[in-house]
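Working notes, structure below.
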There are 2 protein chains.
Amino acid sequence: MVTANIRDVAALAKVSVGTVSNVLNKSKKVSPATESRVTDAIEALGFVRNDAARQLRVGQSRTVGMMVLDVRNPFFTDVARGVEETLAAHARSLILGNSAEDAQRELDYLDLFEEQRVSGLLITPVGDVAPRLERLRKRGSPVVLVDRYEGAANFSSVSADDRRGGALALEHLIGIGRVRTAFVGGPQAIMQVRHRLEGARTALEAAGGGPLRVVEMPTMSAEAGRTAGEQLLDLPIGDRPDAIFAANDLLALGVLQALTHSGLSVPDDIALIGYDDIYFAASSAIPLSSIRQPAQAMGRAAAELLIAEIEDGPPAHYEHVLFQPELVIRDSTRRNNAATRAE
Amino acid sequence: MVTANIRDVAALAKVSVGTVSNVLNKSKKVSPATESRVTDAIEALGFVRNDAARQLRVGQSRTVGMMVLDVRNPFFTDVARGVEETLAAHARSLILGNSAEDAQRELDYLDLFEEQRVSGLLITPVGDVAPRLERLRKRGSPVVLVDRYEGAANFSSVSADDRRGGALALEHLIGIGRVRTAFVGGPQAIMQVRHRLEGARTALEAAGGGPLRVVEMPTMSAEAGRTAGEQLLDLPIGDRPDAIFAANDLLALGVLQALTHSGLSVPDDIALIGYDDIYFAASSAIPLSSIRQPAQAMGRAAAELLIAEIEDGPPAHYEHVLFQPELVIRDSTRRNNAATRAE
DNA sequence: GTACAGTGGTGAATCGTTCCAGACCGTACT
DNA sequence: AGTACGGTCTGGAACGATTCACCACTGTAC
């Protein structure tokens, strides 16, 4: 392997390795003349710093780990873009892990991040990983929770108000006159799911009741949504809901497929609203109403919190940034189905 | 920082550091008794190996770098999932970079990967990075090209037959009687775009001609697609195409929005076909015809090629796996618009 | 009684950086 | 002249794992 190291560079430039290191790290202690000799040598040898050695010496890497629930969900890739953008501006990079809502995979990635001594970690947890996160912090890797707050007063967090979002959805469904509502969600172990459901229940009770049928799917994919939709269609007509609130847009799109496939009209027979307002919600077969979350802004905020903690140490008190969700109405819950133009 | 190292473990277990290392690496030279003493000590101290030190000594990491054109495009996340799956089975992990079709970002990520001494690299290149890739290989990081083949006989590659795919699309449009076709693509610097266009032209000529209007957008996003669609709508009626082939589904969905927004009927006024068959193509406003590529399988194949080269060294001759695309017909090119049910 | 093989374990060298105490030099101040 | 000082640069000690030559011991064969 023809790998030039810093010593080779030093030899060619006729300086010490310390000086080369100073050039690499832009320390001000190098005269322009020697600096250019060094950079020439670097160029000539095709030298690229070995990050492992640097990390070993410094004790930490310049990469940040991020663990998301599902890379196939555009919401998370949008958050990740916000994160990446902010990190890049601070000369840091991102290594992205996908837990796929699986606690074991999550643990495997945490092992990886810990072995890599990432300089910080952004995570939307699946399992009960609080002790692991504490340990990571003890090791010097601050942790910021993304879209997960509850019971984590000792971590900074960025999230959106899921209870409010759930309430917005149900208020809207009630507002268009629906009375038999259903909630299609993922595992209740996932906090967002729980909160969105709670918000929905609260709104429902405030409006004077009505049943809320809850369908809990093992994952929050479009495939799961289709299954959930079929399940609801199997109900006796009288029990069949006239409005469905899905815990995310992927589920909602799956439900929509099941409904239209069975020949039902959305929203006339059943109204449907999702969550996240992913890009594809607006362009789906029946443009989908949804609860919008500012994904990229959340990513940026999370990255900024993390960088602050990496660079300045633990804050006096942990911060919890809460974004407000927003109702976006499209055809799938539009009362009057005459104007069927996508927004 | 309370970070136990291998020496602390050795001291607690009353063995040498070499023995601890043997336990960590599952070398067979350790008796069950000492092994359990060591694992107990590891447990007690919460020891986690420092990967930087390991890498430094071994000269290479166990992570693989992957560079994609656009993380927001579901096609690429599907490929990435296939890759990740295969890597995980070989106890390797993935660090994902997003060039966002930007040559500068691509170079930045290549720097990062090179500094990290990734054990291998999967890349869908944007700019002219052949020399960089050669250098990476010289450094001991094999490179496999994903979805990019041409002129790279000295790298293994996995791709789909883009010329064939382009031909399939145009043959289909001609088959449903369209005569004024347009191609909406990204920069011709991107090889897939060029090949899909070439395939389209070939098919068109074979069928006896007709014009093919080419719209070249700077990126291949849905936003760009919308702009392209508006551009085509500005044409004098006589010049307006009656069929559009978009170089990917994101573009196609954007075009679709522009068309339906202006009140035109798809496919009656203008037929539309995309490329990739991403999940959301089937559930879009007008279900979108597309050219399907086996994304996950491509990812798996690429990862396997790469792992083979990492573990066994350069192959006798580089392999080029070529997947065949497949035409998927949905409403956006359906001749008879009566049965408007999504498939 | 010696040679030999095999097993389980040791300890020091090594990987390529960063960091720091100090050397060296010329200039400014007392 | 002597001292102080800032600016450059040097050389060597870390960082924490892996690896490898070697050692100690046991049992077995001759």
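Since we're looking at a predicted model, the values are computed, not measured. Every chain is numbered from 1, with letters handed out A, B, ... down the list of sequences.
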Is there a side-chain contact between [X] and [Y] in this structure, where contact means two heavy atoms from C-beta onward sitting under 4.5 Å apart?
| X | Y | answer |
| --- | --- | --- |
| F47(A) | L12(A) | no |
| Q55(B) | T63(B) | no |
| M67(A) | L110(A) | yes |

Please report, rounded to the nearest Å, how far the [atom2] atom of [N] is from the [atom1] atom of [X].
| X | N | atom1 | atom2 | result |
| --- | --- | --- | --- | --- |
| L45(A) | dG16(C) | CG | C1' | 15 Å |
| Q55(A) | dT18(C) | CD | P | 11 Å |
| E114(B) | dT17(C) | CD | C1' | 17 Å |
| I6(A) | dC19(C) | CD1 | P | 11 Å |
| K14(B) | dG9(C) | NZ | C1' | 16 Å |
| L56(A) | dG16(C) | CG | C1' | 9 Å |
| Q60(B) | dT14(C) | CD | P | 22 Å |

Please state whether the base of dT18(C) and the side chain of R57(A) form at least one donor-acceptor pair under 3.5 Å?
-> yes

State plainly whether the residues [X] and [Y] are in salt-bridge range, i.e. N to O under 4.0 Å.
| X | Y | value |
| --- | --- | --- |
| E311(A) | R92(A) | yes |
| D111(B) | R49(A) | no |
| R62(B) | E115(A) | no |

Is any side-chain nitrogen or oxygen of S31(B) closer than 4.0 Å to OP1 or OP2 of dG8(C)?
->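 So the side chain of S31(B) is outside the cut-off, no N or O lying under 4.0 Å from OP1 or OP2 of dG8(C).
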
Give a yes/no answer on whether the side chain of R49(A) brings an N or O atom under 4.0 Å of OP1 or OP2 in dT18(C).
-> yes

Around E35(B), counting heavy atoms of other residues, nucleotides and ligands shown, do more than 12 lie under 6.0 Å from its CD?
-> yes

More than 12 foreign heavy atoms under 6.0 Å from CD of E319(A): is that the case here?
->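 Counting neighbours around CD of E319(A), 12 or fewer heavy atoms of other residues, nucleotides or ligands fall under 6.0 Å, so no.
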
Between which nucleotides of DNA chain D, 5' to 3', does chain B make heavy-atom contacts below 4.0 Å?
->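 Contact boundaries, 5' end first: dG16(D) to dT19(D).
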
Nucleotide of dT18(C), dT10(C), dG9(C) approaching T34(B) most closely (side-chain heavy atoms) | dG9(C)

Result of checking R135(A), K138(A), R137(A) against E114(A) for salt bridge (Lys or Arg N to Asp or Glu O under 4.0 Å) | R135(A)

May I ask you to say what V20(B) touches in the nucleic acid, namely base, sugar-phosphate or nothing, with a heavy-atom cut-off under 4.0 Å?
->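 If one applies the 4.0 Å heavy-atom cut-off, V20(B) turns out to touch nothing in the nucleic acid.
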
Contact class for D51(A) (heavy atom, under 4.0 Å): base, sugar-phosphate, or nothing?
-> nothing

So which one's nearest nucleotide on DNA chain C is more toward 5', A33(B) or A53(B)?
-> A33(B)

Angle by which the axis turns from one end of the helix from dG1(C)-dC30(D) to dT30(C)-dA1(D) to the other, five pairs per end, to 10 degrees = 50°

